[in-house]
Amino acid sequence: MIVSVHDRADVKRVTQALAAHGQWVARVEETPGAQLLVLAAHGAAVDAARLREIPGVAAVSTPTSSHPLLDAAGPAVAVGALRIGGATPVLMAGPCAVESEARIHALAAALSTRGVAVLRGGAHKPRTSPYSFRGHGEIALGWLRDAADAHGMKVVTEVLSEADVDAVAAKADLLQVGSRNMAAFALLRAVGRARMPVLLKRGAAATIDEWLLAAEHLLAAGATGVALCERGIRGFDPETRNLLDLSAVALLANVHRLPVIVDPSHATGRRDLVVPLARAALACGAAGVMVEVHDDPAVALSDGPQAIAPDDVALIGGCS
Ligand code: PEP
Ligand code: MN
């Protein structure tokens, strides 16, 4: 339940009066001309009309959605001056992992001339095997930031653990929560507290509702916006790494009116399908695409088979 109070009301007294009705204030939000007291969902059952009688209370509303903040956030997310979900689809591209300073600079140079607005690259990599390359860590965040700055691009990179939030937030413009961590609620809260925009990847077996509730966790903790990222869900056929759920993209983009980025690289695991599915994603309403790129996929330290060449990025079309 959300209680809005008059701008001159004594919030402390209103809070006490709410407590007398068995209602706890979970959060206070400032809005122009008023304050909103967001009540904890586990308060005692109470008639909203009785709360409206408390002096200082202007209105009481009972959102029916389980993700009211996400609903209110609307179809666009601001990443500085860049809008995800604005008139022009956004192209995000870069290597799976930031492998070396020289390589990320060369890739940034190539991608910036092919319409890429956001440079991606992992410094902290989630790997299924503990023996696979897990990223160069903090030093790679600096290489990524410098490479993006040199070519006027934004940075998106993954936050793998709560311990890394501050270091990643210091270098990134958009914080990525990976598929394996979509339901890691303590991490979501810590990422939200950085008060930045977030790219939230869909868990490999997450329903749309679970995904939206994870986004609500981020917003409830303070994230300034959430772009959803469809990266394929677990299918039964090993021909592709995952199954790209374009129905979810069309539903979220056109019915829920939320910003969705599509990652055809992790969805398919095969470079020959990346460009066609990136185009299909834009055709069904995606706010942009994120693709993995490598200048020499044969020597890539991770995900080489799904990396396309920098030149191929230009084939996607339809992005700024
Ligand atoms: C990534 O984008 O670097 C990544 C690891 O993807 P996902 O979380 O979708 O597997
Ligand atoms: Mn990858």
Side-chain angles (χ1 to χ4, degrees), residues 84 90-99 103-104 107 111 116 118-130 132-137 140-141 143-144 154-161 164 168 171-184 187-188 191 198-206 210-211 214-215 218 226-235 240-246 248-249 260-271 273-274 277-278 281 286 288-309 313:
I84 300 175
V90 174
L91 189 45
M92 306 182 183
C96 178
V98 179
E99 297 182 358
R103 180 158 259 147
I104 192 67
L107 278 171
L111 295 172
V116 175
V118 183
L119 184 65
R120 66 145 285 144
H124 300 282
K125 295 299 304 174
R127 301 311 301 278
T128 303
S129 164
S132 301
F133 174 62
R134 287 188 283 152
H136 288 302
L141 291 172
W143 299 337
L144 183 64
K154 305 279 186 206
V155 163
V156 60
T157 191
E158 179 163 352
V159 186
L160 200 54
S161 88
D164 300 331
V168 178
K171 298 293 182 187
D173 300 294
L174 180 62
L175 300 177
Q176 179 172 324
V177 174
S179 180
R180 291 158 187 80
N181 281 323
M182 188 212 81
L187 177 65
L188 294 176
V191 168
V198 180
L199 183 71
L200 177 65
K201 295 195 125 190
R202 182 182 187 179
E210 288 164 343
W211 190 14
L218 286 163
V226 178
L228 301 158
C229 181
E230 164 60 38
R231 46 76 73 199
I233 50 177
R234 187 59 61 90
T240 54
R241 183 174 176 179
N242 290 295
L243 186 64
L244 183 60
D245 185 0
L246 286 181
V249 177
V260 193
I261 297 293
V262 169
D263 170 353
S265 307
H266 291 93
T268 63
R270 338 175 7 153
R271 78 172 58 85
L273 301 183
V274 167
L277 285 174
V289 296
M290 179 160 84
V291 295
E292 286 190 345
V293 173
H294 204 283
D295 54 295
D296 187 359
V299 301
L301 297 178
S302 55
D303 286 349
Q306 68 197 34
I308 59 172
V313 172

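The basis for the numbers below is simple: all heavy atoms, side chains too, and nothing from hydrogens, waters or symmetry mates. For ligands, and for the atoms within them, numbers begin at 1 and follow the listed sequence. Remember, it's a predicted structure, so these values are computed and weren't measured experimentally.
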(message) Counting non-hydrogen protein atoms only, what is the nearest one to atom 8 (O) of ligand 1? Give residue, atom name and distance.
(response)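 Its nearest protein heavy-atom neighbour is Ser179 N, 2.8 Å.
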Starting from atom 6 (O) of ligand 1, locate the nearest protein heavy atom and write down its residue, its atom name and how far away it is, to 0.1 Å.
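Protein heavy atom with the smallest distance to atom 6 (O) of ligand 1: Lys201 NZ, 2.9 Å.
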Fill in: For the Mn ion (ligand 2): the N/O/S atom of Asp303 at shortest distance
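Closest N, O or S atom of Asp303 to the Mn ion (ligand 2): OD2.
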Candidate with minimal heavy-atom separation from atom 2 (O) of ligand 1, of Arg231, Glu158, Arg120:
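Among Arg231, Glu158, Arg120, the closest heavy atom to atom 2 (O) of ligand 1 belongs to Arg120.
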- So, are Arg271 and Glu292 salt-bridged, with charged N and O less than 4.0 Å apart?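 Looking at Arg271 and Glu292, the cut-off is not met.
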Would you call Asp303 and Arg241 a salt bridge, using N to O less than 4.0 angstrom?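 Salt bridge: yes.
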So for Gly122, does at least one of its heavy atoms come nearer than 4.0 angstrom to any atom of ligand 1?
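Checking ligand 1 against Gly122, which is what was asked, there is no heavy-atom contact under 4.0 Å.
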Is there a heavy atom of Arg202 sitting under 4.0 angstrom from any atom of ligand 1?
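Arg202 does not count as a contact of ligand 1 under the 4.0 Å cut-off.
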* **Closest non-hydrogen atom pair between Ala172 and Thr157, with its separation** =>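 Closest pair (atom of Ala172, atom of Thr157, distance): CB-CG2, 4.0 Å.
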Could you tell me, atom by atom, which parts of ligand 1 come under 4.0 Å of a heavy atom of [X]?
X: Gln176; answer: 1 (C), 2 (O), 3 (O)
X: Pro126; answer: 5 (C)
X: Gly178; answer: 8 (O)

Exercise. So is Asp263 polar-close to ligand 1, meaning N/O to N/O under 3.5 Å?
Worked result: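 It does not: no N or O of Asp263 is found under 3.5 Å from an N or O of ligand 1.
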Could you please compute the angle at the Mn ion (ligand 2) from OE2 of Glu292 to NE2 of His266, rounded to 10°?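 An angle of 80° at the metal.
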Part of Cys229 within contact of ligand 1 (heavy atoms, under 4.0 Å)
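Looking at Cys229 and ligand 1, no heavy atom falls under 4.0 Å.
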Just wondering, do Glu158 and Lys201 contact through their side chains at under 4.5 Å, heavy atoms?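 Side chain of Lys201 against side chain of Glu158, heavy atoms only: no contact under 4.5 Å found.
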Notebook entry, point to check: Quick check: does any side chain N or O of Arg120 sit under 3.5 Å from a backbone N or O of Cys96, one acting as donor and the other as acceptor?
Noted result: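 Answer holds: yes.
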| request: Kindly indicate, with the supporting measurements, whether the criterion side chain to side chain contact (heavy atoms under 4.5 Å, CB included) is fulfilled by Leu174 and Lys154. | output: CA-CA 8 Å; Leu174 180 62; Lys154 305 279 186 206; over 6 Å; no
Q.
Take a 6.0 Å sphere around CZ of Arg127 and say whether it holds more than 12 heavy atoms from other residues, nucleotides or ligands.
A.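 Yes, enclosed.
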Please report the C-alpha distance between Asp295 and Arg103 in whole Å, then the side-chain angles of each, then the deciding distance to 0.1 Å, and finally whether the side chain to side chain contact (heavy atoms under 4.5 Å, CB included) criterion is met. CA-CA 8 Å; Asp295 54 295; Arg103 180 158 259 147; 2.9 Å; yes
